[in-house]
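Owing to the predicted nature of the structure, the values given are computational and were not obtained by experimental measurement.
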Amino acid sequence: EAGSINQSLMVLRNCMETLRDNQRTGLNKLVPYRDSKLTHLFKNYFDGEGKVRMIVCISPRAEDYDESIHVMKFAEVTQEVVVDRPSKAKVDVGLAPGR
């Protein structure tokens, strides 16, 4: 099960890196959110329709230093990603404001 969790987290990282690269380069590469069940749950976010909050936990133990550094680097990547929200179309029905 740990292998499946790690695989899903790797796919999540790939999705975030793809979004960041698209943002930096102006390209529109396909975000591989379908590659794991975890990232498929975030489909609305990747499409710009949802919101996601991330909580990152690190360990203060010296033995976990390398793991903590990887987690912090991942958190940094996610902070750099901005997903464009689809704009809502305004419908003008010809009525005066307030009606």
Should [X] and [Y] count as side-chain neighbours, where that means a heavy-atom distance under 4.5 Å?
X   : Y   : result
L12 : F42 : yes
M54 : F74 : yes
L38 : L9  : yes
L19 : Y45 : yes

In the single-linkage hydrophobic clustering (I, L, V, M, F, W, Y; side-chain heavy atoms under 4.5 Å), do M10 and L41 co-cluster?
no

Is it true that V56 and Y65 fall in one hydrophobic cluster, defined by side-chain heavy atoms closer than 4.5 Å?
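Shared cluster, no.
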
What is the minimum heavy-atom distance between [X] and [Y], and which atoms define it?
X   : Y   : value
V11 : T39 : CG1-OG1, 3.6 Å
V81 : M16 : CG2-O, 3.5 Å
V71 : C57 : CG1-O, 3.9 Å
K73 : R13 : C-NH1, 4.5 Å

Kindly say whether [Y] contributes a backbone atom to a donor-acceptor pair with the side chain of [X] at under 3.5 angstrom?
X   : Y   : answer
N44 : E49 : no
S59 : D64 : no
Q23 : E80 : yes

Return yes when atom CD of E67 has more than 12 non-hydrogen atoms of other residues, nucleotides or ligands closer than 6.0 Å, and no otherwise.
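Count not over threshold, so no.
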
Would you say CD of E63 has more than 12 non-hydrogen atoms from neighbouring residues, nucleotides or ligands within 6.0 angstrom?
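Yes, because the 6.0 Å sphere around CD of E63 holds more than 12 heavy atoms from other groups.
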
Pairing of R24 and D21 as salt bridge, 4.0 angstrom limit
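Result for this pair is no, no salt bridge flagged.
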
Quick one: pull up CG in N14 and OG in S36 and give me the separation to the nearest 0.5 Å.
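Rounded to the nearest 0.5 Å, the CG-OG separation comes to 9.5 Å.
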
Interatomic distance, SG@C15 vs CG@D35, rounded to 0.5 Å, equals 7.0 Å

